[in-house]
A.B. asks: 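Attaching a single structure in structure tokens format; questions to follow.
So that the names make sense, note that chain A is the first sequence line, chain B the second, and so on, each numbered from 1.
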Amino acid sequence: MSKPSIPQGTRDFSPAEVRRRQYIFNTLRTIFELYGAQPLETPSMENLTTLMGKYGEEGDRLIFKILNNGLHEKKDADKDKLNSEWNNVLSRPYSTPVVTERALRYDLTIPFARYVVMHQNDIAFPFRRYQMQPVWRADRPQKGRYREFWQCDVDMVGSTSLINEAELLCIYQTAFQKLKVPVTIKVNSRKLLAALADLCGMPEKMIDITVALDKLDKIGWVGVANELKERGIAEDGIWQIEKVINVKGTNDEKLVAYADIMQHSAVGMEGINELGKTLAYYRSLEFGIGDLDSDNGREENIVVDISLARGLNYYTGVIVEVVCSSEAVKMGSIGGGGRYDDLTGLFGLKGVSGVGISFGIDRIYDVMEELDVFPKQLVEGTKAMLVNFGGENETYALQILQQLRAANIAAEIYPDAAKFDKQMKYANRRGIAYVLLPGDEERQKNMVSVKNFETGEQKMMSVGEAVISLQS
RNA sequence: GAGGUUGUAGCUCAGUUGGUUAGAGCAUCAGAUUGUGGUUCUGAGGGUCGCGGGUUCGACCCCCGUCAUCCUCCCCA
């Protein structure tokens, strides 16, 4: 017999882990609802055509595909087709509806876009939804990277107002403040990255530039410059980029400096303008809170960072990324998002702009564990256990049991009339607060002994008194 | 896709230059204690040493292959 195991990159969640995860979900859900978002759920699997080509070449490779059922039942003609297609599948990256036509959800944004297009007539725009569901990626698992993990997304579609961007920043701030995770929120605009490519005189190289620039934190400017060179950016262009990333100062100062450098790039000026407006809206929202601890309010952890380049292909405007700012924690981004001007256009609905953010809750969980910021009292399990003495005492215990539950006290009976110390040990391991002893003497007096498992104190009382004392 | 790490009891891990019957802690079960838990004490069960091949008189140990695992790069949450 082989040892049982679970697929690579997946995890079981123990009772205590589920409680902590639910704490995160509940915290986020409360905030999402507070901001007027509505819940949405979509299927675990989508048609492969819905997902393919939406996440870039790398993304396509990481989509978990589902093998079609009943392949062996194909008729002769179909079987020939299947055989030739199968050879294609084996010889190169290739997929075909003959072999696979469904795939597991890769993120929550594309399914949301699909939903919006399918239900456009039923939706009151602007439409703001939140969604908390697992997604799957056929990636190599490692620290902070799983093949099955959960995302919590909030997106707003049908509005181009930068108020939305500002509100999403507020949601990030509030959420991580509630969860007690110190974060830095990096903000950039895809339009500034386009402007950089303009400055180099190579607008078609925007992707190459952003991919290289994204590594600035890791490999430093020299490393980035080398990579830019390898990717075919001219010396003069690299010098322009260096000038931009060398800009230091407050967010406002940076935007002013960028405006000076990019004054001849229409798209650059547009991006700068949008970032400025987003921050202005954000300040208005934050000002309403009234507990600003400095002139900057809660802005000191929001940083305009031109080296931020989110990988997803569909972002067009403001982009954000959240990282834990604690030195002690080594973890990649724990959230990200941005504006996509024409997401639903992929599915035929033009002119609907959206903006959204995502929480990577598995990584947030890991970070919270490391920081030890989960509330201590999350376990609200069984409060009282009835010892089972068997026979008539068992019947008596069952009657008490339902009276406890009727009074909203989480209670259980040890189901077997096992040896006394075994039952006590079990209650101890479960961390149950009270043990009730309905034995011969108690039953005859119509009473029950209540033992406090923390203090060891024990007292015989009527069932009614027991209910009242356990309710407090 | 590339590179590295580690696979020994249910779990966490020891195991000497290759040498007789592979150990410990925790967990489980039984007993000291058939109505009093946490701390003790005693005893018991539990292993194809990841799998397959090779070297050797002899392999948990050395070699080759394979699978699994974790980590790094790429990319991402």
A.B. asks: Taking only the P atom of each, what is the distance from B:A24 to B:A14 in whole angstrom?
C.D. replies: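 16 Å, rounded to whole Å.
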A.B. asks: Quote, to the nearest angstrom, the P distance that separates B:U56 from B:A9.
C.D. replies: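 To the nearest whole Å, 30 Å.
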A.B. asks: Expressed in whole Å, how much space separates the C1' atoms belonging to B:A27 and B:G45?
C.D. replies: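 So the two C1' atoms sit 13 Å from each other.
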A.B. asks: Count the heavy atoms belonging to other residues, nucleotides or ligands that lie under 6.0 Å from CH2 of A:Trp86, then report whether that count exceeds 12.
C.D. replies: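 12 or below, so no.
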A.B. asks: Out of A:Thr344, A:Asp341, A:Asp342, A:Thr160, which residue meets the side chain to side chain donor-acceptor pair (under 3.5 Å) rule with A:Ser353?
C.D. replies: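 Only one of A:Thr344, A:Asp341, A:Asp342, A:Thr160 forms a side chain to side chain donor-acceptor pair (under 3.5 Å) with A:Ser353, namely A:Asp341.
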A.B. asks: Scan side-chain atoms only and decide if A:Asp107 and A:Tyr55 contain a donor-acceptor pair under the 3.5 Å cut-off.
C.D. replies: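 Indeed, the side chains of A:Asp107 and A:Tyr55 share at least one donor-acceptor pair under 3.5 Å.
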A.B. asks: What interatomic distance, in whole Å, is found between C1' of B:G15 and the corresponding atom of B:U8?
C.D. replies: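 Their C1' atoms lie roughly 9 Å apart.
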A.B. asks: How many Å lie between NZ on A:Lys425 and C1' on B:A30, as a whole number?
C.D. replies: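 Atom NZ in A:Lys425 sits about 10 Å away from atom C1' in B:A30.
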A.B. asks: Is any side-chain N or O of A:Arg145 under 3.5 Å from a base N or O of B:C75, one able to act as donor and the other as acceptor?
C.D. replies: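 Looking at the base of B:C75, it does pair with a donor or acceptor on the side chain of A:Arg145 (distance under 3.5 Å).
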A.B. asks: For A:Val211, which contact category applies under a 4.0 Å heavy-atom criterion: base, sugar-phosphate, or nothing?
C.D. replies: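 Sugar-phosphate contact only.
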A.B. asks: Counting the atoms with a prime plus P, OP1 and OP2 as sugar-phosphate, which does A:Gln151 contact under 4.0 Å by heavy atoms, base, sugar-phosphate, or nothing?
C.D. replies: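 Sugar-phosphate contact only.
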A.B. asks: Nearest to the side chain of A:Phe453 - B:G37, B:C76, B:C75?
C.D. replies: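 Among B:G37, B:C76, B:C75, the one nearest the side chain of A:Phe453 is B:G37.
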A.B. asks: A:Gly439 near the nucleic acid: base, sugar-phosphate alone, or nothing, with a heavy-atom cut-off under 4.0 Å?
C.D. replies: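 Since a base atom lies under 4.0 Å of A:Gly439, the category is base.
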A.B. asks: For A:Gly59, report the nucleic acid contact type (base, sugar-phosphate, nothing); a contact means any heavy atom under 4.0 Å.
C.D. replies: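 Nothing: the residue A:Gly59, judged by heavy atoms under 4.0 Å, touches no strand.
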A.B. asks: Measuring centre to centre across the rings, with the benzene-like ring taken for any Trp, is A:Phe374 within less than 6.0 Å of A:Tyr365?
C.D. replies: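 Under 6.0 Å, so yes.
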A.B. asks: Rounded to whole angstroms, how far apart are CZ on A:Arg429 and C1' on B:U36?
C.D. replies: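 Rounded to whole Å, this separation is 19 Å.
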A.B. asks: Any stacking of A:Phe149 on B:A77, going by centres under 5.5 angstrom and planes within less than 30 degrees?
C.D. replies: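 Aromatic stack with B:A77 present for A:Phe149.
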A.B. asks: Report which part of the nucleic acid A:Gln8 touches: base, sugar-phosphate, or nothing (heavy-atom distance under 4.0 Å, all strands).
C.D. replies: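 Here A:Gln8 touches the backbone only, sparing every base.
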A.B. asks: Considering only heavy atoms and no angle criterion, is a donor-acceptor pair shorter than 3.5 Å present between the side chain of A:Lys451 and the base of B:U36?
C.D. replies: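 When only heavy-atom distances are counted, A:Lys451 does reach the base of B:U36 through a donor-acceptor pair under 3.5 Å.
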A.B. asks: Can you tell me if the side-chain N/O atoms of A:Lys419 get under 4.0 Å from OP1 or OP2 in B:G31?
C.D. replies: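 Checking A:Lys419 against B:G31: at least one side-chain N or O falls below 4.0 Å of OP1 or OP2.
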A.B. asks: Taking the six-membered ring of A:Tyr146 (Phe, Tyr or Trp), confirm whether the NZ or CZ of A:Arg11 is under 6.0 Å from its centre and within 45° of its axis.
C.D. replies: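 Pair A:Arg11/A:Tyr146 counts as cation-pi.
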A.B. asks: Determine the interatomic distance between C1' on B:U33 and the same-named atom on B:U39; round to the nearest Å.
C.D. replies: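 Roughly 15 Å separates the two C1' atoms.
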A.B. asks: Which nucleotide, B:G35, B:A77, B:G38, lies nearest any side-chain atom of A:Asp440?
C.D. replies: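 The answer is B:G35.
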A.B. asks: Paired with B:G65 by Watson-Crick or G-U wobble geometry, both distances under 3.5 Å: which nucleotide is it?
C.D. replies: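 Across all strands, the one nucleotide that pairs with B:G65 is B:C51.
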A.B. asks: Of the options B:G31, B:C74, B:A77, whose atoms approach the side-chain atoms of A:Gln142 most closely?
C.D. replies: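 The answer is B:C74.
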A.B. asks: Could you tell me whether A:Arg140 contacts a base, only the sugar-phosphate backbone, or nothing, with contacts defined as non-hydrogen atoms closer than 4.0 Å?
C.D. replies: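 Result for A:Arg140 = base.
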A.B. asks: Identify which nucleotide among B:A77, B:U36, B:G1 has an atom closest to any side-chain atom of A:Arg61, counting heavy atoms from C-beta outward.
C.D. replies: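 Minimum distance to the A:Arg61 side chain belongs to B:G1.
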A.B. asks: Out of B:C71, B:G31, B:G35, which has the shortest distance to the side chain of A:Lys143?
C.D. replies: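 My answer, after comparing the listed nucleotides, is B:C71.
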A.B. asks: Touch check for A:Tyr146, heavy atoms < 4.0 angstrom, all strands: base, sugar-phosphate only, or nothing?
C.D. replies: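 Touches a base.
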A.B. asks: Just by distance, no angles: are the side chains of A:Arg19 and A:Gln22 close enough, under 3.5 Å, to form a donor-acceptor pair?
C.D. replies: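 No, no side-chain donor-acceptor pair sits under 3.5 Å.
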A.B. asks: Name the nucleic acid region contacted by A:Ser358, choosing base, sugar-phosphate or nothing; use a 4.0 angstrom heavy-atom cut-off, strictly under.
C.D. replies: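 No contact at all - A:Ser358 keeps every heavy atom at 4.0 Å or more from the nucleic acid.
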A.B. asks: Could you tell me whether A:Glu148 contacts a base, only the sugar-phosphate backbone, or nothing, with contacts defined as non-hydrogen atoms closer than 4.0 Å?
C.D. replies: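 Nothing: the residue A:Glu148, judged by heavy atoms under 4.0 Å, touches no strand.
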A.B. asks: Is there a donor-acceptor pair under 3.5 Å between the side chain of A:Gln133 and the backbone N or O of A:Ser44?
C.D. replies: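 Judged by distance alone, no pair lies under 3.5 Å.
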A.B. asks: Please tell me which of the listed nucleotides, B:G37, B:C76, B:C75, lies nearest to the side chain of A:Arg137?
C.D. replies: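 In terms of side-chain proximity for A:Arg137, the closest of B:G37, B:C76, B:C75 is B:C76.
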A.B. asks: Is there a donor and acceptor pair closer than 3.5 Å between the side chain of A:Glu442 and the base of B:G35?
C.D. replies: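 Between B:G35 and A:Glu442, which were checked side chain against base, a qualifying N/O pair under 3.5 Å is present.
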A.B. asks: By the 4.0 Å heavy-atom rule, please label A:Ile334 as base, sugar-phosphate, or nothing.
C.D. replies: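 It contacts sugar-phosphate atoms only.
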A.B. asks: Between B:G37 and B:C29, how far apart are the P atoms? Round to whole Å, please.
C.D. replies: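 About 16 Å, rounded to a whole number of Å.
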A.B. asks: Quick one: look up who B:A2 pairs with, Watson-Crick or G-U, both distances under 3.5 Å, and put none if it's unpaired.
C.D. replies: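 Pairing partner, where one exists within any strand: B:U72.
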